[in-house]
Amino acid sequence: MEVEKGKVTDVSDVQGEDDLDEEPGEEIESAPPLKVGEERELGNSGIKKKLLNNGIHWETPEFGDEVTVHFVGTLLNGIKFCSTRDNGEPMTFELGEGKVAKGLDTGITTMKKGERVLFTLPPDFGYGAEGRDGVPPDSIVQFEVELLSWITVVDICKDGGIIKKIMEKGERNERPSDLDEVLVKYQVALADGTIVAKTPEEGYEFYVKDGHLFPALTKAIVTMKRGEKVKLIVQPKYAFGDKGKEATDGFPSIPPNSVLNVELELVSFKPVIDVTGDSKVFKKILKEGEGALVANEGAAVTISYIAWLEDGTVFERKGVDGGQPLEFITDEEQVIPGLDRAAATMKKGEQALLTISPEYGFGSVVAERDLAVVPPSSNLVYEVEMLDFVKEKAPWELNNQEKIEAAGKKKEEGNILFKDGNYQRAGKKYDKAVDYVSEDGLFQDDEQKQIKALRISCWLNGAACSLKLSDFWGAIQLCSKVLDFESHNVKALYRRAQAYMKTSDLISAEMDIKKALEADPQNREVKLLQKTLRQLQVESNKRDAKLFTNMFARMSKGSSMPIKKLKVEIAEPEKSEEAAATERECVAEPSTPSEDRMAVDQS
């Protein structure tokens, strides 16, 4: 047998060290890890593995990887028939090809780096009925194997177009995404070794989504970790195809249909995050922050920044050159929305570059800032550092009384925002208030009455916000929560009926109005809503009548028998001045909180 030459890895530090921690070993039907000297069958294959020396780390190679091993093959009587140790050169081969013996490949996939084992292979996993030089037919054979190293091989596109061999593993588990900015070093060569492209010594930086040189590069980069080094074999369709590439920058041309060999290193990358989800605010992380916690909504943050326009004009500085940093509460509209939203995603010590579209900046108005005037509809750039933040306490960090007080405070903040017409933020305040008192089991009996009142009040007020924002299904859901507790709550029935009417569910609206009047027969707002509903029902009946008339008219055209014209007469009440007012109310926005007894609960 011809033994291939490969790179020898020094494993003297692991050989003979039986005092290492016991390896976890391969999992075989949940069996415990092998101890040195133990032997076990691999599944039901008939292949036996005896551990001679522990390996290091936890990873094991997979089929398709290139392994470098030393091995000695013997018969059961001890007669040797092959060995890499005789000439001191280990062998490198791809697992899964059966280069030495089929069963040996299977066994090696259970080994860790530096591990030494004895595999016993039955004939079906050795050399079968044919045997080989030095091995009689149907012989059981043994291989003493040491796994020196391996190279992970990945078929990136699953079509053989880009084969990646990992020469040096990267750090951590993060990989760049399409939005990120990457710094890479590479060298590209033809099959004959001619170098046709190479980065400068410091590397080359670009955004993944913008692409670079040829498609295979970006496809490979998004599979790599920071610091990872790989070799790529790139087929023409992922390189320059049948057109090739002309000579540029002192490098020779690339002939059509060339297969390229690429040495690639992902030096680093700067994550870019679409903060708002609509590509209007991007955050590029220049320096990672500390830990895992981010400021989040409601945090008191302290930041420093320099802000400039696209043309480079600096219009504001805070906390730099001896100036005072900026302190604000996130999600309180104390700064422009883009800066507010981005700050809520930052860790302590994080440095980031923000690009903010006008919608999340100063909009279409002129903004006079400290150092310059910001023209209307300007794109903005902020270089920001999160100096410190204090997060708002989570419900689980508070005792019961503190939870009730926090919920009451959030509700009052929501009421103020509602009065100011800021229904979106008001709704969020009511949601937060409910979060503080959401778990019944944690409150004492004397506290249950308080939290029930708070929940119901916040759900009702949240429903009022949803109606203002035309979120009718949201209003229905919030009112239904109230009615689960109080089935004849007039406000909940009134607001849910409004929402049902807006969704054209007039039957459900009628049922809610009927229940509300049963509970409060003299309620003026419910009576007015009932009149509006009746008008809508009249209009709906008219539409239905017209629909049926047209349907029967079409049927009569195809019939030889005369069909009398269908007449549907619906009595339409004479519109009084009160009814006209009701109709206008249906079309217009609901009355203001100060005029409407069904408005936001201030209690």
Output yes when [X] and [Y] qualify as a salt bridge under the 4.0 Å nitrogen-oxygen rule, no when they do not.
| X | Y | result |
| --- | --- | --- |
| Glu97 | Lys99 | no |
| Glu263 | Lys185 | no |
| Glu66 | Lys165 | yes |
| Arg341 | Asp331 | no |

Taking [atom1] in [X] as the centre, count heavy atoms belonging to other residues, nucleotides or ligands within less than 6.0 Å. Is the count above 12?
| X | atom1 | value |
| --- | --- | --- |
| Glu130 | CD | no |
| Glu397 | CD | yes |
| Glu383 | CD | no |
| Lys432 | NZ | yes |
| Lys348 | NZ | yes |

Within-4.5 Å side-chain heavy-atom neighbours: [X] and [Y]:
| X | Y | result |
| --- | --- | --- |
| Cys82 | Phe143 | yes |
| Pro61 | Ile108 | yes |
| Lys112 | Leu147 | no |
| Val301 | Phe328 | yes |
| Leu354 | Tyr305 | no |
| Lys113 | Thr60 | no |
| Ser466 | Phe472 | no |
| Ile233 | Leu260 | no |

Could you measure the distance from the [atom1] atom of [X] to the [atom2] atom of [Y]? Nearest 0.5 Å is fine.
| X | Y | atom1 | atom2 | value |
| --- | --- | --- | --- | --- |
| Leu75 | Phe81 | CG | CZ | 6.0 Å |
| Ile151 | Lys231 | CD1 | NZ | 7.5 Å |
| Leu183 | Phe269 | CG | CZ | 12.0 Å |
| Tyr382 | Thr355 | OH | OG1 | 12.5 Å |
| Ile79 | Ser139 | CD1 | OG | 10.0 Å |
| Leu76 | Thr74 | CG | OG1 | 7.5 Å |

Table please: side-chain donor-acceptor pairs of residues 153-161 below 3.5 Å, with sequence neighbours left out.
| residue | atom | partner | partner atom | Å |
| --- | --- | --- | --- | --- |
| Asp155 | OD1 | Lys158 | N | 3.2 |
| Asp155 | OD1 | Asp159 | N | 3.4 |
| Asp155 | OD1 | Gly160 | N | 3.1 |
| Asp155 | OD2 | Asp159 | N | 3.4 |
| Asp155 | OD2 | Gly160 | N | 3.0 |
| Asp159 | OD1 | Gly161 | N | 2.8 |
| Asp159 | OD2 | Lys237 | NZ | 2.9 |
| Asp159 | OD2 | Tyr238 | OH | 2.7 |

Quick check against the 3.5 Å criterion: does [X] have a side-chain atom that pairs as donor or acceptor with the backbone of [Y]?
| X | Y | value |
| --- | --- | --- |
| Lys347 | Gly291 | yes |
| Lys481 | Ile476 | no |
| Asn53 | Glu115 | no |
| Thr68 | Leu148 | no |
| Asp388 | Thr302 | no |
| Asn296 | Ala344 | no |
| Thr330 | Ala299 | yes |
| Asp278 | Lys280 | yes |
| Asp105 | Gly98 | yes |
| Thr84 | Phe71 | yes |

Locate the shortest heavy-atom distance separating [X] from [Y]; write the atom from each residue and the value.
| X | Y | result |
| --- | --- | --- |
| Pro337 | Gly361 | CD-O, 3.9 Å |
| Leu51 | Val117 | CD1-CG1, 4.0 Å |
| Asn261 | Leu190 | ND2-O, 3.8 Å |
| Leu179 | Tyr207 | O-CD2, 3.5 Å |
| Ala101 | Gly126 | CB-O, 4.2 Å |
| Trp308 | Val314 | CB-CA, 3.8 Å |

Give me each pair satisfying salt bridge (charged side-chain N to carboxylate O under 4.0 Å, His left out) with a member in residues 281-304, each pair once, sequence neighbours excluded.
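Salt bridge (charged side-chain N to carboxylate O under 4.0 Å, His left out) check on residues 281-304 returns Glu181-Lys284, Lys283-Glu350, Glu297-Lys428.
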
Going by the salt bridge (charged side-chain N to carboxylate O under 4.0 Å, His left out) test, which pairs reach into residues 218-228, not counting sequence neighbours?
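Checked against salt bridge (charged side-chain N to carboxylate O under 4.0 Å, His left out) - neighbours excluded - the pairs reaching residues 218-228 are Lys164-Glu228.
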
Take Lys169 and Glu59, measure what side-chain contact (heavy atoms from CB on, under 4.5 Å) needs, and give me the verdict at the end.
CA-CA 12 Å; Lys169 293 184 179 180; Glu59 300 94 342; 3.9 Å; yes

Distance under 6.0 Å and angle within 45° of the ring axis: does Lys403 meet both against Tyr436?
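Geometry flag: not set, cation outside 6.0 Å or 45°.
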
For side-chain contact (heavy atoms from CB on, under 4.5 Å), just list the numbers for Ser304 and Lys318, CA-CA rounded to whole Å, side-chain angles, deciding distance to a tenth of an Å, and then say yes or no.
CA-CA 5 Å; Ser304 64; Lys318 297 288 182 183; 5.7 Å; no

Determine, stepwise, if the pair Phe214 / Val262 fulfils side-chain contact (heavy atoms from CB on, under 4.5 Å).
CA-CA 11 Å; Phe214 51 86; Val262 183; 3.9 Å; yes

Verdict with supporting geometry, Thr106 and Ile47, side-chain contact (heavy atoms from CB on, under 4.5 Å):
CA-CA 9 Å; Thr106 301; Ile47 301 171; 4.2 Å; yes

Apply the side chain to side chain contact (heavy atoms under 4.5 Å, CB included) test between Thr120 and each candidate in Lys50, Lys49, Gln142, Glu41; give the one that qualifies.
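The single option meeting the side chain to side chain contact (heavy atoms under 4.5 Å, CB included) with Thr120 is Gln142.
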
Could you check whether the rings of His212 and Tyr186 sit parallel, tilted or perpendicular, using 30° and 60° as the cut-offs?
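Because their plane-to-plane angle lies in the 30° to 60° range, the rings of His212 and Tyr186 count as tilted.
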
